[in-house]
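The structure appears right after this line, and notes come after that.
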2 protein chains.
Amino acid sequence: MAHYISDVNITRVLRAVWLNQGLSRVDISRLLDLNKSTVSKIVGYLEELRIVEQAAVGDAGPSGGRRPIQLQVRADWGCVMGVEIQTETFTVVGINLHGDVFFSHTEPLDLRHADLVDSFIEIVRRFRPSLEATGMPLIGIGVGLPGFVDPVRGVLRASMPLEQYDEVAFVERARDALGVEIPILVDNDANCGCWGELAFKHSTRPQNFVFVLGELRKHTIEMDDYRIMALGLGLVLDGDVHHGTEYSAGEFRSILYRVGTVNQFSISDAEARRFLRDKDVDAMIIDELARHIAFLVNVLNLGKVVIGGPMEILADELIAAIREHIQQNWAYPNMVDCQISVSRLGEQAVAYGAAGMFLEHLIRVPSVRTDRDPTAPCGVELLPRHGTELPV
Amino acid sequence: MAHYISDVNITRVLRAVWLNQGLSRVDISRLLDLNKSTVSKIVGYLEELRIVEQAAVGDAGPSGGRRPIQLQVRADWGCVMGVEIQTETFTVVGINLHGDVFFSHTEPLDLRHADLVDSFIEIVRRFRPSLEATGMPLIGIGVGLPGFVDPVRGVLRASMPLEQYDEVAFVERARDALGVEIPILVDNDANCGCWGELAFKHSTRPQNFVFVLGELRKHTIEMDDYRIMALGLGLVLDGDVHHGTEYSAGEFRSILYRVGTVNQFSISDAEARRFLRDKDVDAMIIDELARHIAFLVNVLNLGKVVIGGPMEILADELIAAIREHIQQNWAYPNMVDCQISVSRLGEQAVAYGAAGMFLEHLIRVPSVRTDRDPTAPCGVELLPRHGTELPV
DNA sequence: TCCTATTGGTTGCATAATACAACCAACCAT
DNA sequence: ATGGTTGGTTGTATTATGCAACCAATAGGA
């Protein structure tokens, strides 16, 4: 006697447990509209893979009955490395399947004298042992880069701060150097901020929000005289990170932008350099930014705004300004329902989110192809393509 | 001997044929990654339902081989009614499954003296015979309304022009009056514009675009002294119409909006009234609108802008302004790739799109539930829930 | 304390969707 | 004609899932 199991529903069950730790088999069968015997078999398979375990026994209902067995994803099934590379620093984090950060490291990096991909390969080689010292196998790597990234092909298409205007075959080159056994996913840095909010918010997973990432950096890696605020947006729409037709979604420039400047607002570059050192400049930027964010909140009907990066210093003023403009920009009498908050992850938001992005793709139901090309990012595969025969 | 067939793949096959008329069975099997025998059986079932037919025989390849049988959806399998209701007029269209308009009618409507839902019921009763006179059964109705609409529950949540600030149970009331046999779907008018672009663009189906709907109307139905331009946006992101958390996505108000006015821009209401009669006002509105559209194009990385409604009169200037601002608002050296065009459907764009929305839902693969509540709009069902036994 | 109703979970079997392989049909080129 | 090639069909094997009957464990009452 043997039981057989399908791909899609395995992933659905795994994802259900991941999103909602403590679910019982019957809970899952009700949630996913599957027969409880089917769920039993799938859970048995996932237990055999050692990715799901029986965590606790819940309480029986008021009218009696057997107590449910609460399931959870095993935190130590594997670990994921998250990397953020900026123009002058990089950050590495290691997380387990529950999203707990057990390792983190930030260090200066000078991309004027080193190649982007080579630096990344070096970082992975250097920190992989630290992660695997926990005994958990490294199951994948997520990377956040400034610039716009095609996560499907794993390519950096262009980057202003990194001065890359031709495609860089990031994943391909890294995989050649590091071997194929570890899948690598790449995305834009602000989008990684979004992934971080998505991956471990489980029950309260927001469906529509914007991640506002402000970095204080040199205009390009070659210029080392002054730093200005560089702003990138990451958008989650209908539960998914939005990339756009050419993967450049999130690139921000004010509606009032003045031709000839390098900053993204309607101020002069001389003013932009005084950001964080001149109250008047701060106020102008905050007002202009808040208006644009408010516009997006209303036009896209976002339920949430998350602020990350050094903007956090001005968070109180910014939050107040956004809140005011959202309401002013709204034509109906009701109050707009939109939470505005600061990312609690601080410096690590992007690297952490990059790792979260990997998990999110690992535990994702394969998209049922309806038309042309499938859009699954390059090669994350949890399970063998066809069912396995199980002993009773 | 009997063959059995699944729900999901029936819809996938039907959708493939619908999106790509002239596909052969092998084409489908390659496209959807199904075995050709499976496709044969499913196509047989769809032929039996008389929704798919063998249309023509294609040419054999250069290296010989049997000639492929090209399939297509039968245009006359049924017809769909599309309705647009505005503050002062309504429009009805009838289309077949290929999207050909075989009936259309526009007429004044005074919602000051008639209830919205009652008027709709009346419209359906009055025009249903005209559609069914073709011999095709009426399989569904799509409705476009100004205001924001929850298409899942079929409810008008609020509408400025209709002066509705409480929920109207549109579908529920209409269904009670008209009977359950005809499913009804509702959405916002600008969103219906999007559905029209989606439903029948088949091969060149755009994945990310904005539909700019400008209506010249009274500020509210009660005020009959003057008309101003009312602008609504419809957004398609990653191939799907975007509604947002509370279904209010697309509500537009300028970043420079002045508190106290009823128009959506930074001009005074006195100026707004001179729209289309004063070149200076036109120029101000065009510039301000173009900047906002350009901002959205870049931030969301849209591949297309479609202009509908009476704005069409100023289309040339508007298109030029949008094009200019898109490029000005873009930081990288390359040209932004974004088509800007005017909806060819003119007056009928919304009603036609409403009908298209219905078809799009009819021929849509059921979403595999991964978490909580399913988001399929109320009751469109093409097929019996379980497989049917077929004779050989 | 024992019975009953109730809920969670498992097992053997039935059902049904899909793949596989072998076939036929129709076309090209030589 | 003949063989190579592609499209489509048919019988059979595989396997995911549902169903119904079962066991396990609980609450509440008699």
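These numbers come from a predicted model, not from an experiment. First the proteins, then the strands, lettered A, B, ... as listed; each starts at 1. For the numbers below, each heavy atom of this structure counts, side chains included, while hydrogens, waters and symmetry mates do not.
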| request: Return no unless some side-chain N or O of B:Arg30 is found under 4.0 Å from OP1 or OP2 of D:dT6. | output: no
| field | Nucleotide D:dT6, atom P - distance to CG of B:Asp59 in whole Å | value | 15 Å
| query | For A:Asp238, what residues pass the side-chain contact (heavy atoms from CB on, under 4.5 Å) criterion, not counting sequence neighbours? | reply | A:Asn208, B:His242
Between the protein and nucleotides 26-30 of chain C, list every N/O to N/O distance that falls short of 3.5 Å.
residue: C:dA26; atom: N3; partner: B:Arg66; partner atom: N; Å: 3.2
residue: C:dC27; atom: OP1; partner: B:Arg67; partner atom: NH1; Å: 3.3
residue: C:dC27; atom: O4'; partner: B:Gly65; partner atom: O; Å: 3.3
residue: C:dC27; atom: O2; partner: B:Gly65; partner atom: N; Å: 2.6
residue: C:dC28; atom: O4'; partner: B:Gly64; partner atom: N; Å: 3.4

| query | Can you tell me if the side-chain N/O atoms of B:Ser40 get under 4.0 Å from OP1 or OP2 in D:dT9? | reply | yes
| field | Side-chain donor/acceptor contact of A:Lys41 with base of D:dG18 under 3.5 Å | value | yes
| message | One thing to verify: whether A:Arg205 and A:Glu197 come together as a salt bridge, which I'm taking to mean a side-chain N less than 4.0 angstrom from a carboxylate O. | response | no
| task | Could you check how far NZ of A:Lys36 sits from P of D:dA21, rounded to whole Å? | result | 13 Å
| Residues which pass side-chain contact (heavy atoms from CB on, under 4.5 Å) with B:Ser40, listed by chain and number, not counting sequence neighbours | B:Arg25
| task | Return the value, rounded to whole Å, for the distance between atom CD1 of A:Ile69 and atom P of C:dT7. | result | 17 Å
| query | Partners of A:Ser63 by side-chain contact (heavy atoms from CB on, under 4.5 Å), sequence neighbours excluded? | reply | none
| note | In whole angstroms, the gap separating P of C:dA16 from CG of B:Leu34 amounts to 20 Å
| message | Of the listed nucleotides (D:dT9, D:dG7, C:dG9), which one gets closest to any side-chain atom of A:Arg25? | response | C:dG9
| field | A:Asn35 CG to C:dG9 P, straight-line distance once rounded to whole Å | value | 13 Å
| request: Starting at atom CD1 of A:Ile28, determine the distance to atom P of C:dG9, rounded to an integer number of angstrom. | output: 9 Å
| field | Phosphate OP1/OP2 of D:dG8 contacted by B:Ser24 side-chain N/O (<4.0 Å) | value | yes
| message | Quiz question: by atom type and distance under 3.5 Å, do the side chains of A:His98 and A:Gln72 form a donor-acceptor pair? | response | no
| said: Taking salt bridge (Lys or Arg N to Asp or Glu O under 4.0 Å) as the definition, give me every residue that meets it alongside A:Asp240, ordered by chain and number, with sequence neighbours left out. | reply: A:Arg364
| request: Could I get the full list of side-chain contact (heavy atoms from CB on, under 4.5 Å) partners for B:Gln339, not counting sequence neighbours? | output: B:Lys304
| task | Rounded off to whole Å, could you give me the CG-to-P distance for the A:Asn9 and D:dG18 pair? | result | 8 Å
| request: Measure the distance from CG on A:Asp27 to P on C:dT7 and round it to the nearest whole Å. | output: 13 Å
| query | Is A:Ser37 near enough to C:dT10 that one of its side-chain N or O atoms lies under 4.0 angstrom from OP1 or OP2? | reply | no
